[in-house]
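Here's the structure, in structure tokens; my notes come after.
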Amino acid sequence: MQELVYEIEQTLQNLKKSISGRYSVAKERAKAEYEYRTALGREMAMAKAEGMAATALYEFCRGLEVVADLRCKRDILASQEDYLTELIFYYRSELRVLEGQLKAERQGL
């Protein structure tokens, strides 16, 4: 029974780390989204001022290295956030299983 209690404690610690990690990554992703959108808007304004056709403006500016790097950073952080969200779900499920095992053990099953 002590092993199960220890496993529950470890899972709770992992869950806590995942939740705080997700929060940090979400803040970074929001900042990266802001940087990406402002850079894209700035580049689009400059390209439009230089006379670029409106139909090609968006795709051209997304392909600029500065903008593409910011988009890549944003997408990586979004993937990390998704991963941490799934990890939180995993630890929650693991906790339910461990709690069920502990309950069964207490009942002598």
Side-chain angles (χ1 to χ4, degrees):
M1 182 144 81
Q2 283 183 330
E3 289 178 23
L4 282 174
V5 172
Y6 177 75
E7 285 184 53
I8 288 173
E9 288 175 5
Q10 290 297 316
T11 304
L12 281 171
Q13 288 177 6
N14 291 337
L15 181 59
K16 243 179 165 175
K17 287 178 190 175
S18 298
I19 290 170
S20 70
R22 186 187 181 285
Y23 176 76
S24 298
V25 169
K27 279 178 63 174
E28 287 181 49
R29 186 188 57 80
K31 186 176 177 182
E33 180 76 24
Y34 171 80
E35 291 171 356
Y36 165 69
R37 287 183 180 255
T38 55
L40 180 61
R42 186 172 42 253
E43 295 295 335
M44 287 177 69
M46 288 191 322
K48 186 171 183 168
E50 292 174 2
M52 180 172 281
T55 54
L57 191 64
Y58 182 70
E59 288 299 320
F60 172 78
C61 291
R62 280 183 48 194
L64 295 174
E65 189 172 347
V66 171
V67 176
D69 286 342
L70 290 171
R71 184 174 180 201
C72 180
K73 180 181 174 185
R74 179 204 65 177
D75 291 348
I76 288 170
L77 288 168
S79 295
Q80 287 177 344
E81 189 177 5
D82 291 344
Y83 167 76
L84 288 168
T85 301
E86 290 300 320
L87 198 57
I88 289 168
F89 290 142
Y90 168 77
Y91 286 133
R92 285 180 179 171
S93 298
E94 187 176 352
L95 271 175
R96 286 188 202 106
V97 169
L98 291 170
E99 288 170 348
Q101 288 176 349
L102 188 61
K103 183 178 178 182
E105 195 170 299
R106 283 183 181 160
Q107 293 175 352
L109 299 176

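The first residue in the sequence is number 1, and the count goes up from there.
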Reported CZ-to-CG distance for the pair R74 and D69, which is rounded to 0.5 angstrom: 13.0 Å
Reported CD-to-CD1 distance for the pair E3 and I8, which is rounded to 0.5 angstrom: 12.0 Å
Student check: side-chain heavy atoms of Q13 and Y91 closer than 4.5 Å: no
Derivation of the side chain to side chain contact (heavy atoms under 4.5 Å, CB included) call for K16 and L12: CA-CA 6 Å; K16 243 179 165 175; L12 281 171; over 6 Å; no
Donor-acceptor pair, side chain of E105 and main chain of M1, under 3.5 angstrom: yes
Exercise: identify the closest heavy-atom pair between A26 and E81: CB-OE2, 3.4 Å
Same cluster (ILVMFWY, side-chain, under 4.5 Å), Y23 and L84: no
From S24 atom OG to R22 atom CZ, the distance as rounded to the nearest 0.5 Å: 11.0 Å
Lys/Arg N to Asp/Glu carboxylate O, K31 vs E28, below 4.0 Å: no
Shared hydrophobic cluster for L77 and V66 (ILVMFWY, side-chain gaps under 4.5 Å): no
Residue pair Q107 / K103, side-chain heavy-atom distance below 4.5 Å: yes
E50 CD to L57 CG distance, which is reported to the nearest 0.5 Å: 10.5 Å
Rounded distance (nearest 0.5 Å) linking atom CG of L70 with atom CD of E43: 10.0 Å
From CA spacing to verdict: side chain to side chain contact (heavy atoms under 4.5 Å, CB included), K48, M44: CA-CA 6 Å; K48 186 171 183 168; M44 287 177 69; over 6 Å; no
Point-to-point distance, once rounded to the nearest 0.5 Å, from CG of L95 to CG of L102: 11.5 Å
The single option from R71, K73, R29 passing salt bridge (charged side-chain N to carboxylate O under 4.0 Å, His left out) against E35: K73
Shared hydrophobic cluster, Y34 / L40 (ILVMFWY, side-chain heavy atoms < 4.5 Å): no
Same apolar cluster (I L V M F W Y, side chains within < 4.5 Å links), Y83/V25: yes
Worked verdict on L15 versus I19 for side chain to side chain contact (heavy atoms under 4.5 Å, CB included): CA-CA 6 Å; L15 181 59; I19 290 170; 4.0 Å; yes
Hydrophobic cluster membership, Y58 vs V67, 4.5 Å side-chain cutoff: yes
Working for salt bridge (Lys or Arg N to Asp or Glu O under 4.0 Å), residues E99 and R96: CA-CA 5 Å; E99 288 170 348; R96 286 188 202 106; over 6 Å; no
